[in-house]
Each structure stands twice: as structure tokens, then as C-alpha cells.
Amino acid sequence: MSWSPQPEIMQQLRLVFVNSLSPDNALRGAATKTLEEARQTRPDLNNYLVDIFVNPTTDAEIHLRASAGLMLKNNILTQYEMISREQSVVEYIKEHIVSGLSQPITMIRNIAGSVVSALVIKGSFKSWPDILPKLMTLASHDNPVVQEGSLSALAKLFEDSGSELDSDPEGQRILSFMIPRFLELARSPSPKVRSQCIVCLNQFILRMSQALFVHIDLFLTTLFELALDADPDVRRNICTAFVMLLDAREDKLVPHLSGIVDYSLHCMGDDDEQVALEACEFLLGLAEHDQLRNQVLSLLPKILPVLFRCMVYSEQDILRFESLAEDDAEMEDKATDIRPTHAKSRTAHNAEKLSQDINKNLDNGLADNNKFDAEDDDEDDDDDDDEDDDDYSMDLSDWNLRKCSAAALDIFASSYHESILQFSLPTLKQNLVSHEWPVREAAILAYGAIAEGCVDGMSPFLPEVIPYFVQSLNDPVAPIRQITCWTLGRYSSWICYRSADIGYEQEFIPVLTGLLKCCLDVNKKVQEAGCSGFANFAEQAGGLLVPYLMHILQNLTLCFQKYQSKNLAILYDAIQTLVDKIGYAMKSKECIDLLLPPLIERWQRLSDDDTDLFPLLECLSSVTAALGDNFAPYAQPVFQRAVKILHDNLLMAQEASVDPTLEIPDKDFLVTALDLLDGLIQGLGSLASQLIDQSQYPLMQMVLMCLRDPVHEVRQSGFALIGDMAIGCFDVLKPFIPSIMTELIPQIDSRDPGCSSVCNNATWAAGEIALQLGEDIRPFVGPLMERLIVVVAINGYVEQTIIENAAITIGRLGISCPEVIAPRLDTFAAYWCKALRMIRDTDEKESAFKGMCKIVVINPNGLQGCLPDFVEAIGMYSEPSDELVHMFSTVLGGYKCLVSDWDQLVMSQIPDEARHMLKDRYDA
């Protein structure tokens, strides 16, 4: 029996949708609740939704219809299994939704296309075999509006589900019919039809679809014919096609490369910003393309001037700069200025160094995609959450032509090095002295962009250019001061290296002083750039900063008095960088009295649920670890609050798990609280035991809960804390060892790359526990070895650091229980030697080799097949302790007695450097 809507229900539902769009919070909340209840209990709700969407009663219903259509799409994506139990509902939606593609309102057509795509995503093309013929029939309609609607839906289908067609023989046959038709329709008089046809074709380039590539010459001819199309969307999509073809079929572009580059350079001057940006993306791809290096080299003289020109701020941006206050440091940040704050995942423990390497690149945050777009349906697009390693513009907008041009220049410099200087330096030198500040600013940006790729070739010119940059830090125009900070940061390595040879007065001190001055600038953007530039400088300078430490701290602590919320996060990062690099020099009372009071004051000011705590907690974790027992006077309240934050968030998470109406707390609070506790324990060592004993909350039980948390970053930080507690306050940890090992052993699992840091920290923590536990580790050795052998012996994607830590932990287990491990030596010995042969000497490496020597003594035959590898590893050990030298001598002496032709079978296979060391030190 066919379904038909009940008028009274339809009327009620329309009223609910009207209320869901009401500005009245109460009406809107009640309507949302009603819709959610219906969504959970009435599959035929979706029939009503499609009726409301495709059958308007008045012209004023556009937003009501859009809401119904979007809810329908979301229901299909999230509840398809429930909806599809009523097959009649799915069939009804399919029967009626296609009519939405022919409606005159663009937004309605686009949403209809999204619903069609959602049905195919969840059900496949095979479950709707007539959808493609229907859409192709509509694409040939006399009415351009109908054509546009169908082609827009096809573009969405191909983007979301095109791989299904391409991987299926029947799908290939369908495409073999459709693609020639798209090439014909690309010559339509309708610009939107032309544009959408190219979009449809583009979907199959990167998929390397043979159905497209058999027509590749006709496709290229079509692109060339439409290259100067009057419609900007057509030109933009042509540029996109060239970008994709550069990746997929560069062989087809080579004969036309010079012309395509000319076209891209021409389009970079297009009045439409998106056309210009997409054209620049082609040059960005070209810069990365090794196979076309020779062809591209000859094109650089015409490419580089256009990149320089496009790096100059646009007139609109200049007007926006002029509308902003130069002196805005006292102005409170707007909510829109402050991007969401997230905790940064700590780097996993590295076998070569225990200190944490903190990522200095600030998260650029999430784009705001929550705006209602009256022309398109983009709410199902993923937000871009990329971190830019380099802020090429530091300007008012996101990714744009200026940034893309600078990025292309950066990559050209990295690919072609000094070859680009002959085409760049004359223009850049001239632009540096321009009377127009945007031209000067773009030249400074360009110098920064080529810094990493051309630093050797630039070296003769930098002694002249760096003083100019230092002078530019005082320029009256804020954007020039701003970009100069970034550019100086890019040359930090050169400045520091040169200053170590020629002295610090010429460049080092002026740059350091200038960056610190910019940290205290009257302009917030310059403050941000100065702080970031200083962080980059400190990263490279390291110990060179020690003589200037008091001056640095005096300036940075003054920033606390000037900065608003956004820049405070950058200040914390700069302080953290400084502490990570030279924290060992910051333990004097003078340094502590400068650094800690403003940090603690800010810490006390923020509430426990303020996300501004994230960067502050991360900073404090480094400070506490570096200052050691010098932090003791401040430790008790900081420790107790960190434990309280941990407790409260775990409690809220537990409550939310049983009550779906409660909001799940942000897990970053757990991560940062664990990291701060870790920093305290690293710094205080055994003194931390007293703080743990005095805590009103059961720390270890809470840490165990964190080891079971579904969020990787929480477990990663939890195992880091466990490892450092094993080092610093094992007495607290020891009673909980059975529970810890129950959680730890299963997570030594390198099969999931997404959990690699969890695996790494769990592996490292197991080794630290083994050292402390001694003989009592025996019950856990067997299960641990089952996991560790898999990690060290696996081939493929496992990170080297994980393999190194697994090898170290095996060695540490061998210190106490060598007889348990020795029978299995032949299963891991070769991999073990490879993992630890080249890493630098550390206490961790020494303990691993001590354990391995004990294992080898018990089972010397276990090294059959890899004895030269083990001997080489001994020879590569630069500075073993006296105890380890004795153990190595014993092992080598024993093998010399066992192996009849030692020199021929073993020593002849050792590299010269290691062989000489073995002869000199061990008489091997």
C-alpha cells in the first residue's frame, strides 16, 4: 500500500519546523526536542521531511524547507540502518527527492543533491540502479536549471562515491558512457553546466580512472578551449584540473607545460580571488614535482616575478589594515579573535633523549563552518584543522593567494636552492628600498620564504641584510615589524652559527634585543610575531642565551602585563621553549623570582574549566620539570589543583557515561593535568611522594582510569606519568604494579599507527618499572616479551623510536631475569642489534646492553647468524662505563674462544671504524 501524508501531522510538523527556527530559545528548544523524539521513534518522519522539502506551499518557506532537507540528509547518514528496515520509506524518498533537483532555488537543488549522495553513500549505487540514468537524462534537459541541478548532484555523487564506480566493471561501463557526454556538455551555453561538467570530470583524475584517461586528449583539448571562459567558476575548475593532472598524468602536460604555466600566471591576476588562488596551487604543485625539474628550471624567470607580485598585500587588505588601530595592545580580544585552544600532545619518549621535544608551531585552530549558506549545502564538509608549519602572511585572512605564493617560493627555494637567487635577488633588493610599504613588506616575506632552501647562497648577502631587518623591527608600519619577526626567525640558525664564530655583537644581540622589543610592541599582531620569532630564535640558540637570561626573563615577564588572552598562549609557548632549551640555567633565585610569580598568578586567576589553562598547564609542566626541587615552595598548591582537575574531569566523564543529557568534558583537561603532574614528578623526584600522600584524592586510582581511557592522548600522557613515577617515586607506584601491568601489557601494540605514542610510552614505562622492580618483574616477563618481540621484529610502518624503546626494555628485563629471556634470544637478536647499534650513548642504552650481555652469557648460541651485528654494536658504543667495558670484554673473550676463525668469520664483516675500536679497547 502506497504511503501518503496525514494532513494534521504535516501541519503539526510544519509548525515544529517554524518554531525550530524561532529566535525564542524556549520555542526553539521545545521544537528541537520534539524533532529528536520523532527522529528516534518514527521512520516515516523522513517521508514527511521529503514532502515538506520538495512540495512548497508558499514562496516564503525556503528556510523551513531547507531545514527539513538537511534533517533528512542527516537522518540518512546517521540512521540509515533503522530507516532501511522500512524499505517503503527509502523507496518513497528516492521516488520524490529527485524532483528537488529541478526546482528553481539553488539552495534547494544543492540540498537535494546532498540527499541523493547520502542515499548512495549508505546504500551504494547498486541499491539504486536507476539513479545515474535518471540524472543523465536530466543533464540533457532543455532547461539549464534542471541540467545544473542534476550535474551538481552528479558531482557530489562522484566526489563521495566515485571510487565505487571506478572499482566495479559495471561502474566502468557506466562511466565509459557518461564521460564522453560530460565532454560534450562542457560546451553548453550555460556557464554553470560547463563548470559542473568539469567538476564531474575532475573527480576521476586522481582516481586514475581509465574511463577518463582513454579520453585524456579530448579532455585536455576541452580544457584549452575553455581556458579563457568568461565564467570564473569554469576558469577555477580548469585550474583545478591542471593541478590534479600534474599529480596523475604529468606526462600529458609536459608538451604543453610552458603554455599551462603562462595560463596559471595569467590567472593569478584574475579578478576572482578563487581563480587566482587555484592557479597558484598549480605552481605550488609544480615546485614539488621532481620529475619536471629540468623543464621547470627554465621557466623560473617568468614564475618568480609573479610570485613576488602576488605576495604584496591586496588593496582590500591594505584598506583593512588602515582601518585597524596601530596601538591595540590595550584592546581586549574579541571572541572571534581567539581560536579554540587545544592541548598539544606531548612527544613520545625517545630512546635517545628523555627531555620532551615540544612542537613550537601553534595550532591554527578550526575554521568556522557553522554559518548557514543560502547558496550551498556545505555542512557535511570536514573542517580543515591543518597546522601551518610556516605562517607566510601572518595577515588578516586564511589560506589565500599571498600565502600560496610564498609557500610556492619556499618550495622552489628548497627544490632549486641557489638556482633561484639569480632571478630573485635583484628584484628583492630593489623592493626592499621601495617607497611603498606593502612592496617592502612583501620583499621581507620573500627573504623569509627562501631562507631554508637558499641559506648557503644567501650567506654572502646576509651580513648586510640582517642589519636591515633589525632596523625594520622599528618600522612605523606594524605589518612590516610583524613579518620581519617571522623572517628573522627563519634565519635564526644562520645567525646563531655565525655568532659563535665571529662574536655576538654584530647580529646575535641586535636580533635578540629586537625580537624581545617586539614582544612588548603596542600592536597585538606584532607582539604575537615577536613572541613566535623569539621562540624560533631560542630553539636554535639554546645555551647561547644563558648570558642574556635575566634580560630575556625581564622582558618576557613584562609581557604578562600587556598581553590579552590570545597572545598569552603564545607567550606560554615561548617560555616553554626557553625552559626546554636552557632550564638548567634557570634555577637561581633571581630567575625563579622573575619567572614563577606571573605564571602562578595567571594560574590562580583561571578557573578549573577554562580552556586557557591548556597552554599554561603545558608551560608549567616544562617549568616544574626543569626547576626541580627549586620549584618545591610552589609545588603543593599546584600539585593539589592538578589532582583536583584530574579528579573532577574523571568524575564528570563517569557521570556523562550513564546520563546522555550531560556533556562529556574536554579530555584535554585530563591530558594537561597528567602532563603537569608528570612535570612535577620529574622535577621533585622523591619529594613528590609527600605530595601524593597528602592528596585528598586517590592519584593512582585516577591514573589507572586514564590508562583505560578511549582517547589516545590521555593514555599516552598516563603512561608517561607512570614511567616518570617509576624513576622518581617508585614507592608510590609499587603497590599498584599488578594493576598497572594489566593495563600496560596489552597496549604494547604497534599495529595501529594512531596509537603509536601510546605504544611507545607504555613500552618505555615497562622498562623503567623493570629497572626498579628487579627480580619481582619475573611474573610479567613472559607476557611482555610476547609483545616486545613483535614490536622489534615487525617490518613496515612501526616508528623507529618505538622499536628502540622496545629493544631497550628487552635489555632491561634481561638485567633481572636473563634466564627467562635467553631461550628466545635467536628470535629477536638481529633486530635488537639493528635497533640500538647507532643511537647515541645514554643511561637507557647502557642498561639495555648490560641486560643483553647477561642474556648472551646464558645462551651464546642465540646469536648465531647475527654475531657480527652484535659485535659491531659493541664497537659502535662510544663511551661505555667501566662496568660495561668489563662485560663487553667478557662476552667478546668468550666468543673468541668459541669461534674458531674469529677474524675471518666475524671481524672481517665489521666496518673499519668499529673494528679499530674493538681492537684498541677490547683486543677483539
Side-chain angles (χ1 to χ4, degrees), residues 117 120-121 124-126 131-133 135-136 139-140 150-188 193-229 233-264 267 278-279 281-296:
S117 182
V120 174
I121 288 172
S124 81
F125 282 107
K126 291 181 178 179
I131 184 57
L132 291 176
L135 293 177
M136 290 304 293
S140 301
S150 63
L151 287 167
S152 176
L154 284 164
K156 286 186 174 69
L157 278 173
F158 295 152
E159 180 180 2
D160 296 336
S161 305
S163 56
E164 180 188 337
L165 289 174
D166 217 39
S167 61
D168 179 69
E170 178 61 27
Q172 280 285 318
R173 283 192 289 272
I174 294 171
L175 287 177
S176 296
F177 163 77
M178 296 174 76
I179 284 174
R181 186 67 181 127
F182 291 139
L183 289 168
E184 291 175 16
L185 290 170
R187 293 170 172 81
S188 165
V193 170
R194 297 196 299 272
S195 176
Q196 288 294 345
C197 282
I198 298 172
V199 172
C200 289
L201 291 164
N202 285 352
Q203 301 303 320
F204 296 96
I205 297 175
L206 295 182
R207 292 192 176 105
M208 307 292 285
S209 172
Q210 289 307 304
L212 172 64
F213 286 168
V214 295
H215 302 284
I216 186 69
D217 292 328
L218 180 58
F219 181 40
L220 281 171
T221 300
T222 303
L223 295 177
F224 296 149
E225 289 177 357
L226 296 175
L228 298 179
D229 197 282
D233 284 339
V234 174
R235 299 196 300 275
R236 175 174 55 81
N237 291 324
I238 288 171
C239 291
T240 301
F242 287 142
V243 172
M244 293 178 171
L245 287 167
L246 187 63
D247 279 342
R249 290 297 303 269
E250 79 279 357
D251 60 307
K252 285 293 182 179
L253 297 190
V254 168
H256 313 284
L257 189 60
S258 181
I260 295 172
V261 167
D262 287 339
Y263 177 69
S264 299
C267 286
E278 200 62 31
E281 292 281 0
F282 179 79
L283 297 184
L284 184 61
L286 201 63
E288 299 173 316
H289 215 296
D290 290 337
Q291 287 81 2
L292 301 178
R293 179 177 298 275
N294 293 333
Q295 294 93 323
V296 172

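The figures that follow rest on heavy atoms only: side chains count, while hydrogens, waters and symmetry mates do not.
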*Asks:* Residues two or more places apart in sequence or in another chain: which of them pass side chain to side chain donor-acceptor pair (under 3.5 Å) with T222?
*Replies:* R187

*Asks:* Report the residues that fulfil side chain to side chain contact (heavy atoms under 4.5 Å, CB included) with S258, sequence neighbours left out, ordered by chain and then residue number.
*Replies:* D262, L299, K302

*Asks:* Which pairs would a plain distance check flag for residues 208-219, meaning a side-chain donor or acceptor within less than 3.5 Å of a matching protein atom at least two apart in sequence or in another chain?
*Replies:*
unit_1, atom_1, unit_2, atom_2, d
S209, OG, D166, OD1, 2.7
S209, OG, A211, N, 3.3
D217, OD1, K252, NZ, 3.1

*Asks:* Taking only residues two or more places apart in sequence or in another chain, which ones pass side chain to side chain donor-acceptor pair (under 3.5 Å) with T240?
*Replies:* E278

*Asks:* Are any of the side-chain heavy atoms of T221 and E225 separated by less than 4.5 Å?
*Replies:* yes

*Asks:* Please report the interatomic distance CG(L253) to CG(D251), rounded to the nearest 0.5 Å.
*Replies:* 8.0 Å

*Asks:* What residues, two or more places apart in sequence or in another chain, satisfy side chain to side chain contact (heavy atoms under 4.5 Å, CB included) together with V234?
*Replies:* R194, S195, I198, L226, D229, D231, I238

*Asks:* For the side chain of Q295 and the backbone of L257, is there at least one donor-acceptor N/O pair under 3.5 Å apart?
*Replies:* no

*Asks:* Please, which pairs that meet ring pair (Phe, Tyr, Trp, His ring centres under 6.0 Å) have at least one residue in residues 156-182, sequence neighbours excluded?
*Replies:* F158-F182, F158-F204

*Asks:* Which residues pass the ring pair (Phe, Tyr, Trp, His ring centres under 6.0 Å) test with H289, sequence neighbours left out?
*Replies:* none

*Asks:* Nearest 0.5 Å, please: how far is CG in L185 from CE in M178?
*Replies:* 10.5 Å

*Asks:* About how many Å separate CZ of F242 and OH of Y263, when rounded to the nearest 0.5 Å?
*Replies:* 6.5 Å

*Asks:* From L246 CG over to M244 CE, what is the distance, rounded to the nearest 0.5 angstrom?
*Replies:* 12.0 Å

*Asks:* Would you call I260 and L245 a side-chain contact if the rule is heavy atoms closer than 4.5 Å?
*Replies:* no

*Asks:* Can you tell me how far NZ of K126 sits from CD of E164, rounded to the nearest 0.5 angstrom?
*Replies:* 7.0 Å

*Asks:* What pairs with S117 under side chain to side chain contact (heavy atoms under 4.5 Å, CB included), at least two apart in sequence or on another chain?
*Replies:* I121, K156, L157, D160

*Asks:* Is there a side-chain contact (heavy atoms from CB on, under 4.5 Å) between L165 and L132 once you walk through the steps?
*Replies:* CA-CA 11 Å; L165 289 174; L132 291 176; 3.9 Å; yes

*Asks:* Taking salt bridge (Lys or Arg N to Asp or Glu O under 4.0 Å) as the definition, give me every residue that meets it alongside E184, ordered by chain and number, with sequence neighbours left out.
*Replies:* R181

*Asks:* So, using side chain to side chain contact (heavy atoms under 4.5 Å, CB included) as the criterion, who are the partners of A279 when residues are at least two apart?
*Replies:* C239, S264, C267, M268

*Asks:* Taking salt bridge (Lys or Arg N to Asp or Glu O under 4.0 Å) as the definition, give me every residue that meets it alongside D247, ordered by chain and number, with sequence neighbours left out.
*Replies:* none

*Asks:* Set out, in order, the CA-CA distance, both residues' side-chain angles and the distance that settles side-chain contact (heavy atoms from CB on, under 4.5 Å) for E170 and F125, then state yes or no.
*Replies:* CA-CA 11 Å; E170 178 61 27; F125 282 107; over 6 Å; no

*Asks:* Can you sort out the partners of D290 under side chain to side chain donor-acceptor pair (under 3.5 Å), two or more places apart, ordered by chain and number?
*Replies:* R293

